[in-house]
Amino acid sequence: MGPLRLPPLPTTGELLRLYKLRALKQLSQNFLLDPRLCSKLVRAAGRLRGAQVCEVGPGPGNLTRAILHQGAARVTVVEKDVRFLPTLEALRDVSGGCLEVCIGDVLAFNMEKIFASQDSPASTWEDPPPRAHIIGNLPFSVATPLTINWLEDISLRRNAWVEGRTRLTLTYQLEVAQRMAAPPGHSQRCRLSLMCQNWCHVRHCFTIPGRAFVPPPDVDVGVVQLTPRVVPHVPLPFPLVEKVARCLFSFRQKYCRRGLGTLFPQGVRDALLDKLLKVADVEPTLRPFQITMKEFSRLCHTYQAILDQQPHLAKYNYRDPDSDDTMDNLDSNILISSASA
Ligand code: SAM
């Protein structure tokens, strides 16, 4: 099947004027109305011919048009702002049955049905990524928490990842895009870098100047592609990896020893911290942003080995002032070997 040729439609800009659709500040709406940039963003997703696509935050449908033009077999759009229904329905009516419009909050939207059994036989996790994509130009405030939620879904192979390694191509505030892709030693390296890179290959595809959007945001925008890894660097449960990453970066400018200490209650902090760093073979004077994925993996595995012996340590929360009081009967003389890490 060749790419879909949409019958002549008013431009998205004309539709916005026709329906008097002003960008809503509270939904951080910044539209990308230049068809060439829409097409460039959609092409960054890869080959869409015959693919299943979920577009998040379609707004008036400008990116949706580009996705349909690229020959996607089926496109489901999830939009929170009901004002866009008429423009999206107009697009649906000329799409030849390719477009489904859902009005709702993508943060509460389960994509399992969209992506389940689209290939027969169903692909496995180890196969190359399926012909399934998530694409979107979401508000920055939604894109980051949503990405964290989706990383957890990827780790559990649920939601859009029930049938394989569905890729995501999304826009972020440029600084966030740079953080997601930042390698060890990079000044932008942070918790988000570790989380994204643990479960996905991260590619900062290109940057769109803020002035290309209507209305223009104050910052430039990075287009990022995430491809789930067959095997994560740290194949441990999401909450544990998230906790070690969060604690590690809780004192960003200090030696990593300072932040990692927040994993442990006061009474056993120094002893368990020494053990953690020794068994994980991590130099205590490294800064958090210098830690490689291998070192991070050893830290997580060693912390897991400590929890295996003292499970209630998992509940310790440095930020909770009462947490130290609930941590009785802890033994800092536990033995952990590098083999268990
Ligand atoms: N895709 C259009 C474009 O590129 O011009 C619109 C982009 S605009 C930055 C973000 C869109 O996401 C808006 O249409 C907004 O209403 C929608 N949106 C915001 N929060 C959302 C949510 N939680 N769920 C679904 N859509 C959301």
Side-chain angles (χ1 to χ4, degrees), residues 9-45 48 53-70 72 75-92 95 99-111 114 133-150 153 159-160 168-174 176-177 205-224:
L9 272 172
T11 65
T12 319
E14 286 164 350
L15 284 175
L16 286 172
R17 281 192 292 278
L18 181 69
Y19 289 100
K20 297 191 173 60
L21 294 170
R22 279 181 187 282
L24 281 184
K25 235 187 176 158
Q26 60 271 37
L27 283 180
S28 310
Q29 290 171 346
N30 305 100
F31 304 122
L32 189 60
L33 298 181
D34 179 341
R36 279 168 309 171
L37 282 175
C38 289
S39 163
K40 187 174 177 187
L41 193 160
V42 167
R43 275 185 280 119
L48 293 189
V53 177
C54 181
E55 190 203 326
V56 289
N62 33 342
L63 282 181
T64 324
R65 290 184 188 204
I67 295 168
L68 290 166
H69 274 302
Q70 294 293 322
V75 183
T76 306
V77 294
V78 186
E79 172 57 56
K80 190 173 183 178
D81 187 346
V82 72
R83 296 178 309 145
F84 293 116
L85 198 53
T87 59
L88 292 170
E89 281 179 339
L91 204 50
R92 184 194 59 200
S95 74
L99 179 64
E100 185 187 4
V101 179
C102 302
I103 295 295
D105 187 341
V106 66
L107 286 160
F109 190 82
N110 191 328
M111 300 181 183
I114 299 175
H133 296 260
I134 296 173
I135 298 177
N137 172 25
L138 274 171
F140 306 137
S141 55
V142 176
T144 307
L146 189 60
T147 302
I148 298 287
N149 289 352
W150 281 342
D153 291 341
N159 195 357
L168 308 103
T169 307
L170 300 164
T171 55
Y172 299 87
Q173 189 174 335
L174 179 59
V176 174
C205 308
F206 63 97
T207 300
I208 307 177
R211 63 174 184 280
F213 294 82
V214 181
D218 295 335
V219 291
D220 292 340
V221 172
V223 176
V224 175

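Whatever order the structure lists them in is the order used to number ligands and atoms, beginning at 1. The residues of the chain are indexed from 1 along the displayed sequence.
Cys38 does not count as a contact of ligand 1, since none of its heavy atoms falls under 4.0 Å from the ligand.
Contact check for Leu91 versus Leu68: side-chain heavy atoms found under the 4.5 Å cut-off. When side chains are defined from C-beta on, Leu170 counts as touching Trp150, because their heavy atoms get closer than 4.5 Å. Under the 4.5 Å side-chain criterion, counting only non-hydrogen atoms from C-beta, Val219 is not in contact with Leu174. Proximity of Arg83 to Gln29: side-chain heavy atoms (C-beta onward) are separated by under 4.5 Å at one or more points. The side-chain heavy atoms of Asn30 and Pro215, taken from C-beta on, include a pair separated by under 4.5 Å.
Of all atoms in ligand 1, numbered sequentially from 1 with element shown, those under 4.0 Å from a heavy atom of Phe84 are 14 (O). Heavy-atom contacts of Leu32 reach the following atoms of ligand 1: 3 (C), 4 (O), 5 (O) (cutoff under 4.0 Å). Those atoms of ligand 1 that come under 4.0 Å of a heavy atom in Gly104, given as number and element, are 24 (N), 25 (C). Set against the non-hydrogen atoms of Asp81, the atoms of ligand 1 under 4.0 Å away are 16 (O).
In terms of polar-atom proximity, Val142 is not counted as a contact of ligand 1, lacking any N or O under 3.5 Å from an N or O of the ligand. The N/O atoms of Phe31, backbone and side chain alike, include none that comes under 3.5 Å of an N/O atom in ligand 1. Checked against a 3.5 angstrom limit, the closest N/O atoms of Pro58 and ligand 1 fall inside it. At least one N or O atom of Gly57 sits closer than 3.5 Å to an N or O atom of ligand 1.
Of all the listed residues (Asp105, Leu37, Val78), Asp105 holds the heavy atom that lies closest to atom 23 (N) of ligand 1.
With a heavy-atom cut-off of 4.0 Å, Asn62 touches ligand 1 through its side chain alone. Contacts of Phe109 with ligand 1, taken as heavy-atom pairs under 4.0 Å, are absent altogether.
Side-chain N or O atoms of Glu55 include none that pairs as donor or acceptor with a backbone N or O of Ile135 at under 3.5 Å. Put simply, the side chain of Ser39 never gets that close to the backbone of Pro35: no donor and acceptor are under 3.5 Å apart.
Between Phe213 and Phe140, the distance separating the two ring centers is not shorter than 6.0 angstrom.
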